[in-house]
> 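This structure is in structure tokens; I'll ask about it shortly.
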Amino acid sequence: NQYRKAIVYYKYSLEYAIKINDLNYMSQIYNALSVNYEKLSSYKKALDYHKRFIQTQNNLLNIETTKKITFLKEKYKKVKREKEKKEVEL
């Protein structure tokens, strides 16, 4: 069965993605595993991998949001310092 073969290859890929801590790749694999298990009517496993997919997506979103917040804080500090420097020069 093609779905069973795909699952085997996705699991090998997942091991590698976990090893290198690639959340984007892990997310894609979790989603693919969920879909393949659903096609095989293995709904419990499909749900498990779908939950992992959602959790990984949330982790990615949190990382991205934290980066944006950090960037904006630094930008604010820089603008504030420049403004204070101009005020001192006056």
Side-chain angles (χ1 to χ4, degrees):
N1 190 323
Q2 294 295 76
Y3 296 119
R4 293 186 196 289
K5 285 182 183 180
I7 288 169
V8 170
Y9 289 115
Y10 282 128
K11 285 187 174 182
Y12 284 131
S13 297
L14 181 59
E15 288 177 19
Y16 178 72
I18 291 170
K19 185 176 181 178
I20 64 171
N21 197 31
D22 187 332
L23 293 178
N24 281 313
Y25 195 37
M26 289 167 58
S27 176
Q28 293 173 14
I29 295 168
Y30 286 141
N31 189 45
L33 283 165
S34 176
V35 169
N36 279 273
Y37 276 117
E38 182 181 12
K39 297 288 185 183
L40 293 172
S41 299
S42 295
Y43 298 113
K44 190 172 182 178
K45 287 183 179 181
L47 179 61
D48 178 53
Y49 281 107
H50 184 72
K51 286 179 180 178
R52 293 181 193 195
F53 165 70
I54 296 297
Q55 182 179 16
T56 307
Q57 286 290 349
N58 287 340
N59 289 344
L60 286 167
L61 182 62
N62 289 339
I63 290 168
E64 191 61 34
T65 302
T66 300
K67 285 179 183 180
K68 287 179 183 179
I69 290 170
T70 302
F71 172 77
L72 290 173
K73 281 182 179 179
E74 292 302 316
K75 186 175 179 180
Y76 171 78
K77 287 178 185 178
K78 181 180 176 184
V79 169
K80 187 176 177 184
R81 282 192 307 267
E82 289 174 357
K83 183 179 177 185
E84 289 172 351
K85 184 178 176 183
K86 285 183 182 180
E87 288 175 356
V88 168
E89 290 175 354
L90 294 177

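Numbering of residues begins at 1 and proceeds along the displayed sequence.
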> According to a 4.5 Å side-chain heavy-atom criterion applied to Ile, Leu, Val, Met, Phe, Trp and Tyr, with indirect links allowed, do Val8 and Leu14 form part of one hydrophobic cluster?
no

> Going by side-chain contact (heavy atoms from CB on, under 4.5 Å), name the residues that satisfy it together with Tyr43, two or more places apart in sequence or in a different chain.
Glu38, Ser41

> Hydrophobic clusters join Ile, Leu, Val, Met, Phe, Trp and Tyr when side-chain heavy atoms are under 4.5 Å apart, directly or via other members; which others share one with Val35?
none

> Is the number of heavy atoms from other residues, nucleotides or ligands under 6.0 Å of Tyr10 OH greater than 12?
no

> Not counting sequence neighbours, list each pair that qualifies as a ring-ring contact (aromatic ring centres under 6.0 Å, His included) and has a residue in residues 13-37.
Tyr37-Tyr49

> As an exercise, state the distance from CG of Leu40 to CD1 of Ile7, rounded to the nearest 0.5 Å.
4.5 Å

> Which pairs count as salt bridge (charged side-chain N to carboxylate O under 4.0 Å, His left out) when at least one residue sits in residues 2-23, sequence neighbours excluded?
none

> To check you understand the geometry: which heavy-atom pair defines the closest contact between Ile29 and Ala17, and what is its length?
CD1-CB, 4.1 Å

> Does any pair with a residue in residues 51-76 pass side chain to side chain donor-acceptor pair (under 3.5 Å), and if so which ones, sequence neighbours excluded?
Ser27-Gln57, Asp48-Arg52

> Which atom names give the shortest non-hydrogen contact between Ser34 and Ala46, and what distance separates them?
OG-O, 2.9 Å

> Through direct or indirect side-chain contacts below 4.5 angstrom among Ile, Leu, Val, Met, Phe, Trp and Tyr, which residues connect to Leu72?
Phe71

> Below 4.5 Å, heavy atoms only, C-beta onward: do Arg81 and Lys85 meet side chain to side chain?
no

> Answer yes if Met26 and Ile54 sit in the same cluster of Ile, Leu, Val, Met, Phe, Trp and Tyr residues linked by side chain heavy atoms under 4.5 Å apart, and no otherwise.
yes

> Does Phe53 belong to the same Ile/Leu/Val/Met/Phe/Trp/Tyr cluster as Ile18, with side-chain heavy atoms less than 4.5 Å apart forming each link?
yes

> Any link between Ile69 and Ile63 through a network of hydrophobic side chains (Ile, Leu, Val, Met, Phe, Trp, Tyr) touching at under 4.5 Å?
no

> Give a yes or no on whether Leu33 and Leu23 share a hydrophobic cluster (residues Ile, Leu, Val, Met, Phe, Trp, Tyr; joining criterion: side-chain heavy atoms under 4.5 Å apart).
yes

